[in-house]
*Asks:* 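What follows is a structure written as structure tokens; I'll ask about it next.
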Amino acid sequence: MDYVEPAAAREMPGLRLALTTGVPGPWGEAAKAIFLVKKLEFVPVRQTAMEDNADLVEWTGFRNAPQAIYESEPARIRWEEILALAERLAPTPPLIPTDEGERALMMGMSHALCSEDGLGWNRRLQLLAPMLSAPDAAENPALAGTRVLGHSYGWSAEATECANARVVSILEFFSAQLAKQRDAGREYLVGDALSAVDLYWAAFCALLRPLPHEQCPMPEFLRAGYGATTPEIDSVLDPALVAHRDKIYERHVGLPLDF
Ligand SMILES: N[C@@H](CCC(=O)N[C@@H](CS)C(=O)NCC(=O)O)C(=O)O
């Protein structure tokens, strides 16, 4: 992916998407997948994980990624803001169901994956735990970037203690929902068509079962961390959900990922 520096992207018209370079961050990959499905072209903008990203902050007011910026509108930084922007710019194909019940379920399930205290949030707490619970975590210079992540995303030993149960509970719900859909002869997580939650699931499944190197050339240490799940998570992670991820990538997004 050819990233444009924030200072240059700021002068460009249209849709720009700030993404963490070199890693398949699930929030960023989901935003890319949404734009791709809707055939929305965007300029990829450089964000560097754990750093100040001063040019980006000066432009949009925010340090992390993803951030979607359309023309001179305020930056959209949260998953539901980015999804709403995509729906407005390209209503077809719709990724939010029109039926109110399906819409509520779809948004609620997406919230369980992407929002604070969701699956992504709690997996990140677990990923950071070995480093941030080390005896020298507060002062080791090699952990400076990790401390930025911990501070940005609510890491504490107490929060981490609750993470496993939350991830397990979300996975059980997703597994039951997929089974219900399958029994009703439906191929997607909600309703009878692709919706945003299928794309979020595909992206966030990386934090449990990362794709192989040929499909997702990420640094090996990160693949090992993403894939280091607990026995409780392993016992509830439904193979049908992993197969659903593969189907979504194959049918709607395409591989290998490019970041
Ligand atoms: N703002 C997003 C979440 C974004 C997020 O968590 N971004 C992380 C992905 S790991 C990030 O940018 N990390 C690198 C950094 O903070 O520099 C949302 O609430 O939907």
Side-chain angles (χ1 to χ4, degrees), residues 1 3 5-6 9 16-35 44-70 73-87 95-96 106-129 131-132 143-155 159-160 163 166-167 170 196-197 199-208 210 216 218-219 221-228 257 259:
M1 177 126 338
Y3 293 95
E5 298 301 326
R16 286 135 305 157
L17 183 64
L19 294 161
T20 304
T21 57
V23 293
W27 288 267
E29 288 305 316
K32 279 158 68 182
I34 288 168
F35 290 170
V45 181
R46 181 183 303 282
Q47 189 267 358
T48 306
M50 305 178 283
E51 294 195 0
D52 289 347
N53 294 282
D55 286 359
L56 197 54
V57 174
E58 195 190 309
W59 171 22
T60 67
F62 299 101
R63 185 195 67 78
N64 70 350
Q67 304 185 25
I69 306 101
Y70 182 63
E73 295 183 9
R76 265 71 177 185
I77 58 154
R78 302 186 68 85
W79 65 269
E80 67 271 46
E81 298 174 344
I82 296 172
L83 176 60
L85 176 68
E87 288 287 292
L95 291 176
I96 302 180
M106 201 291 288
M107 293 303 275
M109 289 179 73
S110 301
H111 175 81
L113 295 180
C114 315
S115 290
E116 190 158 332
D117 201 31
L119 181 137
W121 181 272
N122 280 292
R123 278 296 293 143
R124 182 164 49 202
L125 297 181
Q126 292 184 319
L127 283 167
L128 296 174
M131 290 163 285
L132 292 181
L143 294 178
T146 314
R147 284 194 291 274
V148 171
L149 292 183
H151 180 71
S152 302
Y153 305 114
W155 192 89
T160 306
R166 184 84 183 102
V167 173
I170 293 167
V197 71
L199 299 175
Y200 293 128
W201 168 252
F204 281 72
C205 187
L207 295 170
L208 306 158
C216 178
M218 69 203 276
F221 80 91
L222 203 59
R223 178 175 290 101
Y226 276 22
L257 299 179
F259 41 82

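Given the structure is predicted, the values throughout are model-derived calculations rather than measurements. Counting starts at 1 for both ligands and their atoms, in listed order.
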*Asks:* Mind checking whether Arg63 contacts ligand 1 via backbone (N, CA, C, O), side chain (CB onward), both or neither, at a 4.0 Å heavy-atom cut-off?
*Replies:*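 It is the side chain that touches ligand 1; the backbone stays farther off.
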*Asks:* So is Glu81 close enough to ligand 1, meaning a heavy atom under 4.0 angstrom away?
*Replies:*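 Per 4.0 Å heavy-atom rule, Glu81 does not contact ligand 1.
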*Asks:* Roughly how far, to the nearest 0.5 Å, is CE of Met131 from CG of Leu143?
*Replies:*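 The CG atom of Leu143 sits 7.5 Å away from the CE atom of Met131.
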*Asks:* What is the closest protein heavy atom to atom 13 (N) of ligand 1, and at what distance does it sit?
*Replies:*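 Its nearest protein heavy-atom neighbour is Tyr153 OH, 3.3 Å.
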*Asks:* Distance under 4.0 Å to a non-hydrogen atom of Gln47: what atoms of ligand 1 satisfy this?
*Replies:*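 What qualifies from ligand 1 is 15 (C), 17 (O).
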*Asks:* I'd like to know if Ala49 contacts ligand 1, where contact means a heavy-atom distance under 4.0 Å to any ligand atom.
*Replies:*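 So Ala49 counts as touching ligand 1.
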*Asks:* Heavy-atom distance to atom 14 (C) of ligand 1: which of Leu149, Leu19, Leu113 wins?
*Replies:*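 Of the listed residues, Leu149 has the closest heavy atom.
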*Asks:* Do the side-chain N and O atoms of Trp121 and Ser115 include a donor-acceptor pair separated by under 3.5 angstrom?
*Replies:*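 No - no donor-acceptor pair under 3.5 Å links their side chains.
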*Asks:* Would you say Tyr3's side chain and Ala18's backbone share a donor-acceptor pair under 3.5 angstrom?
*Replies:*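 No; judged by distance alone, with no hydrogens or angles, the pair does not exist.
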*Asks:* Give me the nearest non-hydrogen protein atom to atom 5 (C) of ligand 1 as residue plus atom name, then the distance to 0.1 Å.
*Replies:*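 Looking only at protein heavy atoms, the one closest to atom 5 (C) of ligand 1 is Ala65 O, 3.5 Å.
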*Asks:* I'd like to know if the side chain of Trp27 reaches the main chain of Cys114, judged simply by a donor and an acceptor atom lying under 3.5 Å from each other, with no hydrogens or angles considered.
*Replies:*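 Yes; at least one donor-acceptor contact below 3.5 Å.
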*Asks:* Any nitrogen or oxygen of Glu51 lying under 3.5 Å from a nitrogen or oxygen in ligand 1? Just yes or no.
*Replies:*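 No, no N or O pair falls under 3.5 Å.
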*Asks:* Counting heavy atoms only, name the option from Leu127, Ile77, Asp52 that's nearest to atom 2 (C) of ligand 1.
*Replies:*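 Nearest heavy atom to atom 2 (C) of ligand 1 lies in Ile77.
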*Asks:* Atom OG1 of Thr21 and atom CE of Met1: how far apart are they, to the nearest 0.5 Å?
*Replies:*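 If we round to the nearest 0.5 Å, Thr21:OG1 and Met1:CE are 11.5 Å apart.
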*Asks:* Can any side-chain N or O of Arg78 pair as donor or acceptor with the backbone N or O of Arg76 at less than 3.5 Å?
*Replies:*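 Side chain of Arg78 to backbone of Arg76: no pair is present.
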*Asks:* Note the single closest protein heavy atom to atom 17 (O) of ligand 1, along with its residue, its atom name and the distance in Å.
*Replies:*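 Closest protein heavy atom to atom 17 (O) of ligand 1: Met50 N, 2.8 Å.
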*Asks:* What protein heavy atom sits nearest atom 10 (S) of ligand 1, and how far away is it?
*Replies:*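 For this ligand atom, the closest protein heavy atom is Arg124 NH1, 3.2 Å.
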*Asks:* Taking heavy atoms and a distance under 4.0 Å, where does Val148 meet ligand 1: side chain, backbone, both or neither?
*Replies:*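 Neither; no heavy atom under 4.0 Å.
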*Asks:* Working to the nearest 0.5 Å, report the span between CG of Leu149 and CZ of Arg147.
*Replies:*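 Rounded to the nearest 0.5 Å, the CG-CZ separation comes to 11.5 Å.
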*Asks:* Sub-3.5 Å donor-acceptor pair from the side chain of Gln67 to the main-chain atoms of Phe62, do we have one?
*Replies:*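 Yes, because the side chain of Gln67 sits within donor-acceptor range (under 3.5 Å) of the backbone of Phe62.
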*Asks:* Heavy-atom contacts under 4.0 Å between Arg78 and ligand 1: side chain, backbone, both, or neither?
*Replies:*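 It is both backbone and side chain that touch ligand 1.
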*Asks:* Answer with side chain, backbone, both or neither: which part of Trp27 has a heavy atom less than 4.0 angstrom from an atom of ligand 1?
*Replies:*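 Side chain only; the backbone of Trp27 stays clear of ligand 1.
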*Asks:* Has the side chain of Arg223 got a donor or acceptor atom that lies under 3.5 Å from a matching backbone atom of Pro210?
*Replies:*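 Between the backbone of Pro210 and the side chain of Arg223 there is no qualifying donor-acceptor contact (under 3.5 Å).
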*Asks:* Which value, rounded to the nearest 0.5 Å, describes the distance between Glu51 atom CD and Thr20 atom OG1?
*Replies:*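 Interatomic distance, Glu51 CD to Thr20 OG1, rounded to 0.5 Å: 11.0 Å.
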*Asks:* Around atom 20 (O) of ligand 1, find the nearest protein heavy atom and jot down its residue, atom name and distance.
*Replies:*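 Protein heavy atom at minimum distance: Trp79 N, 2.8 Å.
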